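Remarks on the structure that follows.
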Amino acid sequence: MRLAPLLATLSLTISPLPALASSCAEQIGTIERRLDSAGAVQVAGLQAGHSLRTGSPRGVTAARKDTPSDPATVSTADHVVGARTLILRAGEEDRRGDQRACENTMTEAKGMIGALP
């Protein structure tokens with residue numbers, strides 16, 4: 001009688017499970033959408049191979065006109081290009097399964113993007 005539960009448990013552990021998106025992969029998707037937003041296009045222009053994404057349910061309806069409280073968070077075209085490079089690196093780290101490195105790279109990318117209009 002103990003064999004049936006053991007076999008059931010064994011079959012569940014060795015059966016293939018659906019692939020779940022990592023939290024880093026979700027962050028990458030979010031930042032990629034941000035980099036293709038109207039604010040990023042306003043700062044850096046529309047980059048080759050990218051399209052303008054609109055209609056985000058969480059997006060702000062109007063850009064703020066005042067300056068950010070921290071001038072270091074002002075986004076520039078160079079920062080947007082650098083962030084795109086970091087996103088590629090984070091994607092590679094995520095595919096390798098290096099979650100900590102991916103999250104660190106994403107933190108760096110978010111800081112580099114700064115406050116988009």
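Reckoned from all heavy atoms, side chains included, excluding hydrogens, waters and symmetry mates. Predicted model, so just to flag it, every value in this text is computed and none were measured.
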*Between Ile87 and Arg84, does a side-chain contact (heavy atoms from CB on, under 4.5 Å) hold up when you go through it step by step?*
CA-CA 5 Å; Ile87 295 297; Arg84 287 188 191 279; 5.5 Å; no
*Distance from Ile31 atom CD1 to Glu26 atom CD, nearest 0.5 Å?*
12.5 Å
Only pairs under 3.5 Å count here: list side-chain donor-acceptor contacts from residues 105-113, not counting sequence neighbours, and write none if there are none.
| from | atom 1 | to | atom 2 | distance (Å) |
| --- | --- | --- | --- | --- |
| Thr105 | OG1 | Arg89 | NH2 | 3.4 |
| Thr105 | OG1 | Glu93 | OE1 | 2.7 |
| Thr105 | OG1 | Glu93 | OE2 | 3.3 |
| Thr105 | OG1 | Ala101 | O | 2.9 |
| Thr107 | OG1 | Glu103 | O | 3.0 |
| Glu108 | OE1 | Arg89 | NH2 | 3.4 |
| Lys110 | NZ | Gln27 | OE1 | 3.0 |

*asked:* As an exercise, state the distance from CD1 of Ile28 to CG of Leu86, rounded to the nearest 0.5 Å.
replied: 11.0 Å
*Which atom pair, heavy atoms only, marks the closest approach of Ala90 to Cys102?*
O-SG, 3.3 Å
_Listed partners of Thr85 passing side-chain hydrogen bond (donor to acceptor under 3.5 Å, both in side chains), at least two apart_ = none
_Nearest heavy-atom neighbours spanning Cys24 and Asp94_ = CB-OD1, 3.8 Å
